[in-house]
Engineer: 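Before anything else, here's the structure in question.
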Amino acid sequence: THLLNMKLKLTLIATLISVILLGQNNEWNYNYDWEYYSAFYQPIHFTNYGEAPDVNVEQLHYILINKKGKKTNYYKEFNSNGKLLKYYKKEADNVIIPLVEFVYDSNNVKVAKSFKKGIIKYTTENKWNNYNRLLETKKNNRKGKTTIKNTWEYSSDSCTISSTYQKNGKIKRKWEYEYYKKCDKSCSKLYNGKGKLLNVWTYDCNQEGEKLTAKSDTTQVCKWDEVTSDFLIKVYQTFDEKGKVLKHVSKYTRLDTSIVERTTYDKNENILDHSTYNKSFQKPLISEGFRKGKKTYHYEYQYNNDKVISYTYSYNNKLRSKYENKYEEGRFVEQKRYNKKGELLLTIQLEYGKSFAKN
């Protein structure tokens, strides 16, 4: 197993955990697939959702060289729209070990196959409506049996009105949504498989700090905007019946509404995490987390012409790793990864295959 970029691995794990929790216990039924999304980030991530850096590139070859000089070869193949078709490993004897494969309906994934040791581990099948909204996703094991199934229903305005999560043929969770007007959500309700109401989320709060009377199994969601001479500040805050508060504050420039920073606070206004950006969520400058008022992790990025040339990862104020990126003619061609002592651990080289003929 090759080394995975520490930042991305931590981020993906945290995202997976949060999405799983959200998908089963929060106000929205999220579609998630760990192997599906992680494939886009391996063995290294530098564009959104695994798209080729050049839409005309047919293949990317990743050469991983460890500190002892041993090489491992991975490949990605793309269609003419830049969508990932295959991700596989090639052994020294040219034996191909498939990792993931995708089939598309237009630009939407219709079928995704995940492999383990060259054998299909499971298959994901998706159905979409004419408005590119997901209607159904099924996860089938290697024998073809459906183990997980999620469905969504929409109104004539394309607003989600209900959704279900099924496991082994039985409904485990069901969500229902109500709206003030088109897709302006007023209420979310979560039920278990037997139809018992588990939780309600209401969206009646319009003012800072406003709370409804505490009700059992009810969470209040408050959203409001604040405007200064230079910034637009958006706040998303939740209160549950036990008084637990979580507040997310995002700051944007008024001029072009590009993101500047994002901070999460607990009920005592203690910072839980904080990030700053270079006009885009895809271009972080600093990302850090806190626990009981003390900083835990810290990532810091350096750019040149909007491209990340290096970044560092620290934990408890101690440098743990450093990453250096190299570009040629605007293309990402190499990354070197170092440990806390500055010793080279891994080099990843990228070779770009032929391009599709332009129309």
Engineer: So do Glu343 and Lys341 actually touch side chain to side chain, heavy atoms under 4.5 Å?
Structural biologist: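 Heavy-atom side-chain distance check passes, below 4.5 Å.
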
Engineer: The test is side chain to side chain contact (heavy atoms under 4.5 Å, CB included); show your working for Leu85 and Tyr104 and say whether it passes.
Structural biologist: CA-CA 9 Å; Leu85 293 174; Tyr104 293 86; 4.0 Å; yes

Engineer: Looking only at heavy atoms, what is the nearest atom pair of Trp201 and Leu190, with distance?
Structural biologist: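 Nearest heavy atoms, Trp201 then Leu190: CZ3-CB, 3.6 Å.
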
Engineer: Is the backbone N or O of Glu261 less than 3.5 Å from a side-chain atom of Thr276, with the two atoms forming a donor-acceptor pair by type?
Structural biologist: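 Absent.
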
Engineer: Got a sec: does the NZ of Lys86 have more than 12 other heavy atoms crowding it under 6.0 Å?
Structural biologist: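 It does not: Lys86 NZ has 12 such atoms or fewer within range.
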
Engineer: Could you please spell out the steps behind the side chain to side chain contact (heavy atoms under 4.5 Å, CB included) verdict for Thr312 and Leu319?
Structural biologist: CA-CA 7 Å; Thr312 56; Leu319 179 67; 3.8 Å; yes

Engineer: Hey, is Lys189 close enough to Glu176 for a salt bridge, meaning N to O under 4.0 Å?
Structural biologist: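 So Lys189 does not pair with Glu176 through a salt bridge.
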
Engineer: Distance check, rounded to the nearest 0.5 Å: Lys322 atom NZ versus Leu345 atom CG?
Structural biologist: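 The CG atom of Leu345 is 13.5 Å from NZ of Lys322, to the nearest 0.5 Å.
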
Engineer: Going through the distances and angles, do Trp224 and Tyr236 end up as a ring pair (Phe, Tyr, Trp, His ring centres under 6.0 Å)?
Structural biologist: CA-CA 7 Å; Trp224 68 89; Tyr236 179 94; 9.7 Å; no

Engineer: Could you check whether any side-chain heavy atom of Val200 comes within less than 4.5 Å of a side-chain heavy atom of Ser188, counting everything from C-beta outward?
Structural biologist: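 They are not in side-chain contact.
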
Engineer: Got Lys326 and Lys336 here, is their nearest side-chain heavy-atom distance under 4.5 Å?
Structural biologist: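 Heavy-atom side-chain distance check fails, nothing below 4.5 Å.
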
Engineer: Of the options Tyr75, Tyr74, Phe115, which is the one that meets Tyr88 in a ring-ring contact (aromatic ring centres under 6.0 Å, His included)?
Structural biologist: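 Among Tyr75, Tyr74, Phe115, the one meeting ring-ring contact (aromatic ring centres under 6.0 Å, His included) with Tyr88 is Tyr75.
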
Engineer: What distance separates Thr124 OG1 from Lys139 NZ, expressed to the nearest 0.5 Å?
Structural biologist: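 With rounding to 0.5 Å, OG1 (Thr124) is 6.5 Å from NZ (Lys139).
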
Engineer: Quick check: is Leu134 connected to Ile148 through a chain of hydrophobic side chains (ILVMFWY, heavy atoms under 4.5 Å apart)?
Structural biologist: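 Ile148 does not cluster with Leu134.
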
Engineer: With a 3.5 Å distance limit and no angle check, can you tell me whether Lys89 reaches the backbone of Asn73 through a side-chain donor-acceptor pair?
Structural biologist: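 Not a single qualifying donor-acceptor pair exists.
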
Engineer: Would you give the length of the straight line joining atom OH of Tyr203 to atom SG of Cys222, rounded to the nearest 0.5 angstrom?
Structural biologist: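 Atom-to-atom, Tyr203:OH and Cys222:SG are 11.0 Å apart.
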
Engineer: Please identify which of these residues, Asn141, Asn140, Asn168, meets the side chain to side chain donor-acceptor pair (under 3.5 Å) condition with Thr146.
Structural biologist: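 That would be Asn140.
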
Engineer: To the nearest 0.5 Å, what is the distance between CG (Asp273) and CZ (Phe290)?
Structural biologist: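 Those atoms lie 8.5 Å apart.
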
Engineer: Could you report the tightest heavy-atom contact between Thr218 and Thr202, atom names first, then the distance?
Structural biologist: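 What the structure gives for the nearest pair is CG2-CG2, 4.2 Å.
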
Engineer: If only atom types and distance count, is the side chain of Thr228 paired as donor or acceptor with the main-chain N or O of Phe231 below 3.5 Å?
Structural biologist: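 Flag set: sc Thr228 to bb Phe231 pair under 3.5 Å.
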
Engineer: Do any N or O atoms from the side chain of Lys279 and from the backbone of Thr253 form a donor-acceptor pair under 3.5 angstrom?
Structural biologist: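 Side chain of Lys279 to backbone of Thr253, a donor-acceptor pair under 3.5 Å: no, none is there.
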
Engineer: Run the salt bridge (charged side-chain N to carboxylate O under 4.0 Å, His left out) test on Asp230 and Arg254 for me, step by step, so that the C-alpha distance in whole Å, both residues' side-chain angles and the decisive distance to 0.1 Å come before the verdict.
Structural biologist: CA-CA 6 Å; Asp230 298 316; Arg254 287 191 65 184; over 6 Å; no

Engineer: Are a donor atom and an acceptor atom from the side chains of Asn108 and Asn126 found within less than 3.5 Å of each other?
Structural biologist: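 The criterion, which ignores hydrogens and geometry beyond distance, is not satisfied for Asn126 and Asn108.
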
Engineer: With Lys172 as the cation and Tyr165 as the aromatic partner, state whether NZ or CZ is under 6.0 Å from the six-membered ring centre and within 45° of the axis.
Structural biologist: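 Ring-cation test returns no.
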
Engineer: Taking C-beta and beyond as the side chain, do Glu58 and Ser355 meet within less than 4.5 Å on heavy atoms?
Structural biologist: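 No, their side chains stay 4.5 Å or more apart.
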
Engineer: Check Ser275 against Ser287 and note the closest heavy-atom contact, atom names and distance.
Structural biologist: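 Reported closest heavy-atom pair: OG-OG, 3.3 Å.
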
Engineer: Provide the closest heavy-atom pair for Lys117 versus Ile97 in the form atom of the first, atom of the second, distance.
Structural biologist: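 It is C-CG2, 4.4 Å.
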
Engineer: In terms of hydrophobic clustering (I, L, V, M, F, W, Y; side-chain heavy atoms under 4.5 Å; direct or indirect links), are Val221 and Trp28 co-clustered?
Structural biologist: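 Linked, Val221 and Trp28 end up in one cluster.
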
Engineer: So Asn29 and Thr164, side chain to side chain contact (heavy atoms under 4.5 Å, CB included) or not? Walk me through it.
Structural biologist: CA-CA 7 Å; Asn29 184 13; Thr164 62; 5.8 Å; no

Engineer: Are a donor atom and an acceptor atom from the side chains of Thr151 and Glu136 found within less than 3.5 Å of each other?
Structural biologist: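 Checked: Thr151/Glu136 side chains show no N/O donor-acceptor pair below 3.5 Å.
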
Engineer: So with a 6.0 Å cut-off around NZ of Lys110, is the heavy-atom count from everything else above 12?
Structural biologist: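 No, because the 6.0 Å sphere around NZ of Lys110 holds 12 heavy atoms or fewer from other groups.
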
Engineer: Check whether Tyr277 forms a cation-pi arrangement with Arg262 (NZ or CZ under 6.0 Å from the six-membered ring centre, at most 45° off the ring normal).
Structural biologist: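 No cation-pi geometry.
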
Engineer: Establish whether Leu232 and Val235 are linked, either directly or via other cluster members, by ILVMFWY side-chain heavy-atom contacts under 4.5 Å.
Structural biologist: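 The answer is no; the residues belong to distinct hydrophobic clusters.
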
Engineer: Are Tyr297 and Tyr315 close enough that their ring centres sit under 6.0 Å apart?
Structural biologist: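 No, too far apart.
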
Engineer: How far does CZ of Arg320 sit from NZ of Lys340, to the nearest 0.5 angstrom?
Structural biologist: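 Here the rounded value is 6.0 Å.
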
Engineer: With a 4.5 Å heavy-atom cut-off, do Tyr352 and Arg331 have their side chains touching?
Structural biologist: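 Answer yes - side chains close enough.
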
Engineer: If every non-hydrogen atom of Leu60 is compared with every non-hydrogen atom of Tyr62, which pair is closest and at what distance?
Structural biologist: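 For Leu60 versus Tyr62, the nearest heavy atoms are CD1-OH, 3.4 Å.
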
Engineer: Take a 6.0 Å sphere around CG of Asp93 and say whether it holds more than 12 heavy atoms from other residues, nucleotides or ligands.
Structural biologist: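 Yes, the 6.0 Å shell around CG holds more than 12 heavy atoms from other groups.
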
Engineer: For the ring pair Tyr191 and Trp175, is the centre-to-centre distance below 6.0 Å?
Structural biologist: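 No, the ring of Tyr191 stays outside the 6.0 Å limit from the ring of Trp175, centre to centre.
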
Engineer: Under a 3.5 Å distance rule, please check whether Ser155 uses its side chain to pair with a backbone N or O of Asp157 as donor and acceptor.
Structural biologist: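 Side chain of Ser155 to backbone of Asp157, a donor-acceptor pair under 3.5 Å: yes, one is there.
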
Engineer: Does the side chain of Val245 reach to within under 4.5 Å of the side chain of Asp266, using non-hydrogen atoms?
Structural biologist: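 A side-chain contact is absent here, since even the closest heavy-atom pair is not under 4.5 Å.
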
Engineer: Just how far is it from atom OG1 of Thr263 to atom CD1 of Ile233, taken to the nearest 0.5 Å?
Structural biologist: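 Rounded to the nearest 0.5 Å, the OG1-CD1 separation comes out at 10.0 Å.
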
Engineer: Consider only side-chain N and O atoms of Asn150 and Asn31, and report whether a donor and an acceptor are under 3.5 Å apart.
Structural biologist: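 Per modelled atom types, Asn150 and Asn31 side chains form no pair under 3.5 Å.
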
Engineer: For the side chain of Asn192 and the backbone of Lys194, is there at least one donor-acceptor N/O pair under 3.5 Å apart?
Structural biologist: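 At least one qualifying donor-acceptor pair exists.
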
Engineer: Verify whether one side chain among Asp256 and Ser258 offers a donor that lies under 3.5 Å from an acceptor in the other.
Structural biologist: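 A pair is found: one side chain offers a donor N or O, the other an acceptor, under 3.5 Å apart.
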
Engineer: Should Trp152 and Arg133 count as side-chain neighbours, where that means a heavy-atom distance under 4.5 Å?
Structural biologist: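 SC-SC contact between Trp152 and Arg133 ruled out.
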
Engineer: Within the distance-only criterion (no hydrogens, no angle test), does the side chain of Ser186 pair as donor or acceptor with the backbone N or O of Glu178 below 3.5 angstrom?
Structural biologist: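 At least one qualifying donor-acceptor pair exists.
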
Engineer: Check Asn305, Val333, Val308 against Tyr327 for a side chain to side chain contact (heavy atoms under 4.5 Å, CB included) and give me the one that passes.
Structural biologist: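 Result for side chain to side chain contact (heavy atoms under 4.5 Å, CB included) with Tyr327: Val308.
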
Engineer: Within the 3.5 Å criterion, strictly below it, is a donor on Gln237 or His248 matched to an acceptor on the partner's side chain?
Structural biologist: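 Looking only at side-chain atoms, His248 and Gln237 do not form any donor-acceptor pair under 3.5 Å.
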
Engineer: Under a single-linkage definition using a 4.5 Å side-chain heavy-atom cutoff for Ile, Leu, Val, Met, Phe, Trp and Tyr, are Trp128 and Val111 assigned to the same hydrophobic cluster?
Structural biologist: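 Per the 4.5 Å side-chain linkage, Trp128 and Val111 are not co-clustered.
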
Engineer: Is a donor on one side and an acceptor on the other found under 3.5 Å between the side chain of Asn316 and the backbone of Lys318?
Structural biologist: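 Between the backbone of Lys318 and the side chain of Asn316 there is no qualifying donor-acceptor contact (under 3.5 Å).
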
Engineer: Take atom CZ of Arg291 as the centre, draw a 6.0 Å sphere, and report whether it contains more than 12 heavy atoms from other residues, nucleotides or ligands.
Structural biologist: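 Not buried by this count: 12 neighbours or fewer within 6.0 Å.
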
Engineer: Between Glu324 and Tyr338, is any side-chain donor less than 3.5 angstrom from a side-chain acceptor?
Structural biologist: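 Indeed, the side chains of Glu324 and Tyr338 share at least one donor-acceptor pair under 3.5 Å.
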
Engineer: Spell out, as yes or no, whether a donor-acceptor pair under 3.5 Å connects the side chain of Thr160 to the backbone of Tyr154.
Structural biologist: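 Side chain of Thr160 to backbone of Tyr154: no pair is present.
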
Engineer: For Glu334 and Leu350, work out which heavy atoms get closest and say how close.
Structural biologist: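 Result for this residue pair: N-CD1, 4.5 Å.
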
Engineer: Any side-chain donor paired with an acceptor under 3.5 Å for His298 and Glu300?
Structural biologist: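 Note: His298 and Glu300 side chains meet the donor-acceptor criterion.
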
Engineer: If Ile, Leu, Val, Met, Phe, Trp and Tyr residues are connected whenever their side-chain heavy atoms lie under 4.5 Å apart, and connections chain through other members, are Ile309 and Tyr313 in the same group?
Structural biologist: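 The answer is yes; both residues are in one hydrophobic cluster.
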
